[in-house]
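Quick notes on the structure that follows.
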Amino acid sequence: MLINTVKLTDAEFVELKDIIYKNSGILFTENKKYLIENRLSKRLSELNFTSFKDYIYYLKYDVRKRMEMDTMINLITINETYFLRERGQMDYLVNTIIPDFIKAGKRSVKIWSVPCSTGEEPYSIAILLMNAGLYNKINIDIMATDINSDVVAIAKRGEYHSASFRGVPSDFISKNFRQEGQSYFIKDEIKNKIRFNTGNITSPTVSMIAGRMDVIFCRNVLIYFDMDGKKKAVDMFHKTLNDPGYLCLGHSETLNKLSDDFTMKNFGTGILYMKK
Amino acid sequence: MGELKYTFKDGRLKVVLDADLSAADFEKIAGLAEKLEGVDYLGIDMHNCVYIQSKMLAELIALKKLSMAKKFDIALLNINENISQVLEMSSLLSLFIIEDDFSAFNMDELCEHFLDPVEAQNVCDYMAANYDDSVREKLEDIIRSDDPVKAEYAILTMGRAQDFAGIDIFRKELDNPSRNVRLAAILALGWLGDTESKERIYSFLSDKDADIAEAAAASVALLSGDGDSEKLSKYLENPDDHVRRSAVQALSLINDENGFAYIKERFGKETAEPVRVALTRAVSSFNMEGAREILIKLLDDPSIAVREAAASGIVRVGPKDYADVIAAKVTDKDNWVGFFAAKALAGICGEEVSEKLRSAYPVVEQNVKLAIIEVLGKCRADVSGFLMERIGDENEDIRKEALNALDVSGSPKAIEVALKLYDKDESWLVRYKAVEMIAAGKPAGYRELLKKRIASEENRYVREKLLGAVGE
């Protein structure tokens with residue numbers, strides 16, 4: 001907003017999106033040109049560049065190119081999120097899925113938040129599960145993964161500002177966070193409930209690290225992959241999920257045309273997909 | 001599927017599709033476009049649609065064909081990422097105008113877009129351009145609510161709309177616990193020229209949050225009058241590096257003679273590298289006597305970061321009488337200093353400098369080679385022989401840059417080479433560049449040539465470029 005935006009030419013845009021795709025699996029369509037310009041202009045200025053062409057050469061020919069690639073991917077994948085976002089699925093997990101697991105005699109449940117961004121989603125899940133007293137009734141393991149090492153570092157630190165609490169009840173904040181000045185730190189007993197790591201959902205190693213899961217939250221990210229990338233991710237989720245297993249996508253996302261291996265369940269305040 | 005919702009005015013037909021769109025909807029649109037007299041624009045608003053099934057793509061293509069026959073434009077409005085990707089995968093995206101059309105949304109829906117990092121700024125601009133009392137009322141409600149992100153954009157919108165009635169609200173929001181809201185208030189007060197808030201905004205120059213300090217520097221500059229450069233010069237003595245950097249930024253934005261004098265003076269005292277880099281960048285923003293000489297001297301600074309910033313600054317201020325000194329830096333041990341030094345020679349590069357650049361070429365790193373080729377394309381000497389040799393280089397960027405340089409230099413060989421490479425070069429980057437040049441140069445029979453290539457081109461970016469070039 002403050003730095004003059006450097007404009008991307010068509011040729012620069014296609015080359016840059018090809019580089020991003022090859023290094024992250026993320027596909028930026030034409031309407032994301034503006035986002036790239038906005039998010040990378042400051043970085044270009046820091047490096048003294050006035051055109052994206054020069055920056056592309058930096059990514060290709062500088063000795064620090066690997067590091068810069070990570071910096072760039074981190075900058076463009078920062079996804080704004082907040083606590084209790086699209087809460088319906090979380091409430092359904094707490095009120096129906098986990099109680100059903102307990103009734104069925106299941107002793108432990110594994111939940112995967114991927115991508116977890118700055119941690120608001122996995123912490124929200126952990127807080128709701130704690131408030132419902134479910135940690136005393138079943139072993140719960142929450143793993144949280146993101147491609148962006150910067151956001152994982154923020155999530156691990158557990159420090160938030162008011163923008164992460166859009167429309168969140170005040171007792172949710174006072175009960176689960178310690179305020180220091182304008183920062184809100186998640187309490188250690190909640191922080192300790194999450195295992196954070198870095199990984200890309202299109203990479204085959206990520207599911208090996210994750211192991212078997214009962215519930216997967218993968219919201220608002222599939223839209224950034226091409227068909228092939230989406231199919232790979234959904235296929236990996238299917239293989240990773242136990243039976244029964246649940247997949248929660250973002251409210252504007254769908255498995256239509258992607259997979260026939262899930263049954264859609266509409267529970268009123270949202271939808272989720274059950275492994276067939 | 002219900003009745004088609006549409007408006008038609010002054011040749012502009014706008015249709016809003018429902019969430020449960022079907023192939024029949026597109027047939028209906030085609031029927032309507034044929035029936036109505038004088039359609040020159042068809043906008044299909046898809047903001048309700050989550051997905052487009054592949055069977056509907058055929059209908060969309062039929063609609064495109066109709067538009068070509070009847071000579072009207074088709075725009076797909078407010079399409080989401082899913083639909084955009086389906087169209088891109090099917091190489092159909094380039095056939096349509098893709099636009100946001102916020103007029104389809106009510107006020108609540110518009111404000112929901114504030115939460116979308118991609119759209120927020122565009123919505124803010126749209127609302128500012130269509131500002132009235134009802135917009136103000138809604139924005140004030142949002143500012144009073146507890147959503148800091150929406151409040152941030154509500155303030156920015158009021159500021160962009162130059163709504164002076166917002167000044168009191170923004171002053172109060174300088175104390176908001178949310179940094180987003182404070183940042184927006186600082187910027188808006190600067191845009192509205194609220195000099196009464198200047199002192200308060202000064203205090204944000206020392207904010208630990210770099211974005212807040214940056215916003216404060218911008219607003220201090222907007223609100224500045226006589227004496228502000230002097231006041232900021234005191235901040236240059238602050239023990240905190242980041243405060244000194246903010247002051248440098250504000251001085252460079254005020255951009256007056258006094259500010260330049262304080263910046264020059266600070267160089268003698270400043271030891272912190274990040275601040276020295278900021279000072280170096282600031283120097284290049286002043287179009288004043290002595291700026292170029294400072295930058296030239298800084299090319300020998302012990303800090304690589306300062307030297308790179310200085311070399312890049314010379315690109316901005318121009319080399320003037322220092323072409324020889326700068327040309328000597330092309331082979332600098334730091335290849336980015338070499339890169340910027342080469343780029344700084346663009347436009348003044350005559351026979352002598354071009355010879356120096358060509359002789360430096362074999363001993364420099366790949367990035368500097370690329371800068372040299374770019375600059376040679378802009379020089380006054382005949383370098384087409386040198387550039388033609390580069391067309392055979394094994395590095396794709398060298399070939400692409402040489403092709404571009406031939407084009408920029410106005411060489412008659414440029415199109416000839418592009419016509420050789422557009423279907424043969426192994427690199428899609430080079431083929432893309434060649435197609436771009438052919439489409440712009442329009443040599444005889446180019447449309448048929450490019451059209452013929454579409455079927456065999458395997459790279460989708462080049463294929464899209466070809467489709468766009470032949471208008472299909």
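So that the names make sense, note that chain A is the first sequence line, chain B the second, and so on, each numbered from 1. Quantities reported herein were computed from a predicted structural model and do not represent experimental measurements.
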Check your understanding: Can you check salt bridge (Lys or Arg N to Asp or Glu O under 4.0 Å) on B:Asp397 and A:Lys53, steps first, answer last?
Key -> CA-CA 11 Å; B:Asp397 286 318; A:Lys53 184 177 84 169; over 6 Å; no
Review point. Can B:Glu464 and A:Val14 be said to form a side chain to side chain contact (heavy atoms under 4.5 Å, CB included), step by step?
Key: CA-CA 10 Å; B:Glu464 272 171 29; A:Val14 288; 5.9 Å; no
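Looking only at side-chain heavy atoms (C-beta outward), B:Tyr432 and A:Asp10 come within less than 4.5 Å of each other. Counting only heavy atoms from C-beta outward, the side chains of A:Asp54 and B:Phe339 approach each other to under 4.5 Å. Contact annotation: the side chain of A:His161 never approaches that of B:Asn180 to less than 4.5 Å [non-hydrogen atoms, C-beta and beyond].
Remark: B:Leu115 CG to A:Thr81 OG1 distance equals 11.0 Å, nearest 0.5 Å. Atom CG in B:Asn395 sits 7.5 Å away from atom NZ in A:Lys60 (nearest 0.5 Å).
Heavy atoms of B:Asn122 lying under 4.5 Å from chain A belong to its backbone as well as its side chain. For A:Phe225, the part sitting under 4.5 Å from any heavy atom of chain B is the backbone (N, CA, C, O) and nothing else. Within the 4.5 angstrom heavy-atom criterion, only side-chain atoms of B:Glu374, from C-beta onward, approach chain A. For B:Lys343, the part lying under 4.5 angstrom from a heavy atom of chain A is the side chain only. Interface remark: B:Leu87 contributes no atoms to any contact with chain A (heavy atom separation under 4.5 Å).
In terms of heavy-atom proximity, B:Leu370 sits nearest to A:Tyr61 at CD1-CE1, 3.5 Å. Residues A:Leu47 and B:Phe340 share a closest heavy-atom pair of O-CZ, 3.9 Å.
Using modelled atom types, one finds a donor on one side chain and an acceptor on the other under 3.5 Å when comparing A:Tyr57 with B:Glu401. In this structure, a donor-acceptor pair under 3.5 Å is absent between the side chains of A:Asn48 and B:Trp336.
Contacts of B:Lys465 classified as salt bridge (Lys or Arg N to Asp or Glu O under 4.0 Å), with partners at least two apart in sequence or in another chain: B:Glu436.
A:Glu15 and B:Lys400 are joined by a salt bridge, as a carboxylate oxygen and a charged side-chain nitrogen come within less than 4.0 angstrom of each other. Under a 4.0 Å N-O distance rule, the pair B:Arg460/A:Asp18 does not qualify as a salt bridge.
B:Arg182 CZ: more than 12 foreign heavy atoms inside a 6.0 Å radius. In this structure, A:Asp260 places its CG atom where only 12 or fewer heavy-atom neighbours from other residues, nucleotides or ligands lie under 6.0 Å away. Under a cut-off of 6.0 angstrom, the local environment of CD in B:Gln366 is crowded, with over 12 non-hydrogen atoms contributed by other residues, nucleotides or ligands.
When each of B:Asp147, B:Ile98, B:Val149 is scored by its heavy-atom pairs under 4.5 Å with chain A, the top score falls to B:Val149.
The main-chain N or O of A:Glu46 is found under 3.5 Å from a side-chain atom of B:Arg281 such that the two form a donor-acceptor pair.
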